[in-house]
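Only one structure is covered here, and it is reproduced in the block below.
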Protein chains: 2
Amino acid sequence: MRPLFHPSIEDITVEGILHALSDPVRAAIYADIVSQEFAQNCSNFLTVSNKSIPKSTLSQHFRILRDAGLIRSERHGVEMHNVSRCAELAKRFPGLIHAIVTAHTIQSAGEARGKKAGAKKSGKRA
Amino acid sequence: MRPLFHPSIEDITVEGILHALSDPVRAAIYADIVSQEFAQNCSNFLTVSNKSIPKSTLSQHFRILRDAGLIRSERHGVEMHNVSRCAELAKRFPGLIHAIVTAHTIQSAGEARGKKAGAKKSGKRA
DNA sequence: TTCACTAGTTCAGAATTTATGAACTATAAA
DNA sequence: TTTATAGTTCATAAATTCTGAACTAGTGAA
C-alpha cells in the first residue's frame with residue numbers, strides 16, 4: 001500500500017477543489033468532515049444521503065478530496081482519520097471554501113423547503 | 001436547432017456551478033465573459049490560453065456554462081452574445097462566484113510568478 | 001507465530017461522461 | 001438563389017468514474 005499523497009499548499013489548484021466538491025457525495029462527506037471538527041473515518045460514510053456506496057468508491061472519493069488538498073488523512077491503528085485542511089486553504093484562497101460550504105447550505109435549505117411544500121421537480125431538463 | 005435552455009435561478013445548483021468552473025477552459029471563458037462586460041461571442045475563444053479548440057467542443061463548453069446558469073446566451077443576427085448571470089447568482093449564492101473568480105486570479109498570479117522564477121513544476125504527482 | 005477480524009486500498013473491466021470531425025441549421029448579404 | 005459566417009447536433013472515439021474482487025495493514029487472541 002503506497003503512502004498517502006497530500007499536495008503541498010502551493011500545489012493546490014482551484015480546478016481540483018471545484019472538481020472535488022462538484023460531486024454531491026464528496027460535498028456531503030467534506031461538509032461532514034468540516035462540521036465535525038474531530039476526525040472522521042471512512043466507514044462513517046457507508047451511506048451518504050440515503051444512498052449506500054461501495055467502500056471502493058468511497059475510497060476513491062476520499063482520495064480525490066485528498067489529492068485536491070481538501071482533507072488530510074492519517075492512519076491511526078487500523079482506521080483512517082480525516083481532517084479538513086480549511087485553515088491552510090483559507091490562507092491560499094481566502095473565502096473560497098467558506099463560500100462553497102455556505103452555498104451548499106443555502107441549496108440544502110431551499111431543497112428542504114421545496115420538499116415540504118410538495119413541489120415535484122424531477123431535476124430533468126426540458 | 002432547438003432553442004437554448006437557461007435554468008431559472010432557483011434551479012441553479014452549486015454542483016453545476018462547481019463542475020462548470022472546474023474545467024480550466026471553461027473557467028477562462030467565464031472569466032473573460034465576466035471581466036468584459038460587453039457581450040462575447042463564441043469565436044472570440046477559438047484559442048483559449050494558447051490552445052486551439054474545435055468549435056464543436058467550444059459549443060459544448062458554452063452549453064455547460066449555460067446549463068449551469070453561469071451565462072445567458074442570445075442570438076443577435078448570425079452570432080451569439082454571451083453575458084454572465086453573476087448579479088442573479090450573487091443573490092442566490094452570495095460570495096460564491098466572486099470567491100471562485102478571485103481564487104482563479106490568485107492562482108494565475110502564483111503561476112506567473114513561478115514561471116518567471118524559472119520553476120519547472122510539471123503538475124504531475126509523485 | 002499463526003489465525004481471524006476490521007478498515008481501507010488497488011486492480012481491472014463496466015458504465016458513464018467528454019471531446020471532436022462531419023454534417024447540419026440559421027441568419028445575412030450579394 | 002448562392003455564398004459566407006457562426007454555431008449546433010450527431011456519432012463515435014477518448015477519457016474518466018464506478019464497482020466487485022482481491023489484496024494490504026494493523027490489532028488482538030490462541
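So you know, we letter chains A, B, ... as the sequences are listed, proteins then strands, and number each from 1. These numbers come from a predicted model, not from an experiment.
Between C:dT20 and B:Ser56, no contact under 4.0 Å exists linking OP1 or OP2 to a side-chain N or O. When the side-chain nitrogen and oxygen atoms of B:His19 are compared with OP1 and OP2 of D:dT16, none of them lie within a distance under 4.0 Å. The side chain of A:His81 places no N or O atom within less than 4.0 Å of a non-bridging phosphate oxygen (OP1 or OP2) of C:dG8. Proximity of A:Arg66 to the phosphate of C:dT9: a side-chain N or O atom is located under 4.0 Å from OP1 or OP2.
What separates CD1 of B:Ile64 from C1' of C:dT17 is a distance of 9 Å, to the nearest Å. The NZ-P distance, from A:Lys55 to D:dT24, rounds to 14 Å in whole Å. Atom pair A:Ile53:CD1 and D:dT19:C1' shows a separation of 12 Å (rounding to whole Å applied). Protein atom NE2 of B:His76 is 13 Å distant from nucleotide atom C1' of C:dT27, rounded to whole Å. Taking atom CD on A:Glu74 and atom P on D:dG26, their separation rounds to 14 Å, with Å as the unit. What separates CZ of A:Arg63 from P of D:dT19 is a distance of 15 Å, to the nearest Å. Per the geometry, CG belonging to B:Leu65 stands 13 Å off P belonging to C:dT18, to the nearest Å. Rounded to whole angstrom, the span from the CG atom of A:Leu58 across to the P atom of D:dG20 amounts to 12 Å.
Counting only heavy atoms from C-beta on, B:Glu79 has its side chain closest to D:dA6 among C:dT9, D:dC10, D:dA6. For A:Val78, counting side-chain heavy atoms from C-beta on, the closest listed nucleotide (D:dC18, D:dG7, C:dA7) is C:dA7. In this structure, of D:dC10, C:dG8, C:dT27, it is C:dT27 that holds the atom nearest to the side chain of B:Arg75. The side chain of A:Pro54 approaches D:dG20 more closely than any other nucleotide in the set C:dA19, D:dA6, D:dG20.
Under the 4.5 Å side-chain heavy-atom criterion for ILVMFWY residues, no single connected hydrophobic cluster contains both A:Ile64 and A:Ile71.
Interatomic distance, CG of B:Leu65 versus OH of B:Tyr30, reported as 8.5 Å (0.5 Å rounding). Summarising the geometry, atom CD1 belonging to A:Ile97 is positioned 11.0 Å from atom CZ belonging to A:Arg85; distances are rounded to the nearest 0.5 Å.
Within a 6.0 Å radius of NE2 in B:His98, other residues, nucleotides and ligands contribute 12 heavy atoms or fewer.
Taking a cutoff of 4.0 Å between a charged side-chain nitrogen and a carboxylate oxygen, B:Glu88 and B:Arg72 qualify as a salt bridge.
Looking at which nucleotide of DNA chain C each of A:Met80 and A:Gln60 is closest to, the 5′-most match is held by A:Met80.
Using a 4.0 Å heavy-atom distance criterion, B:His61 is classed as a sugar-phosphate-only contact.
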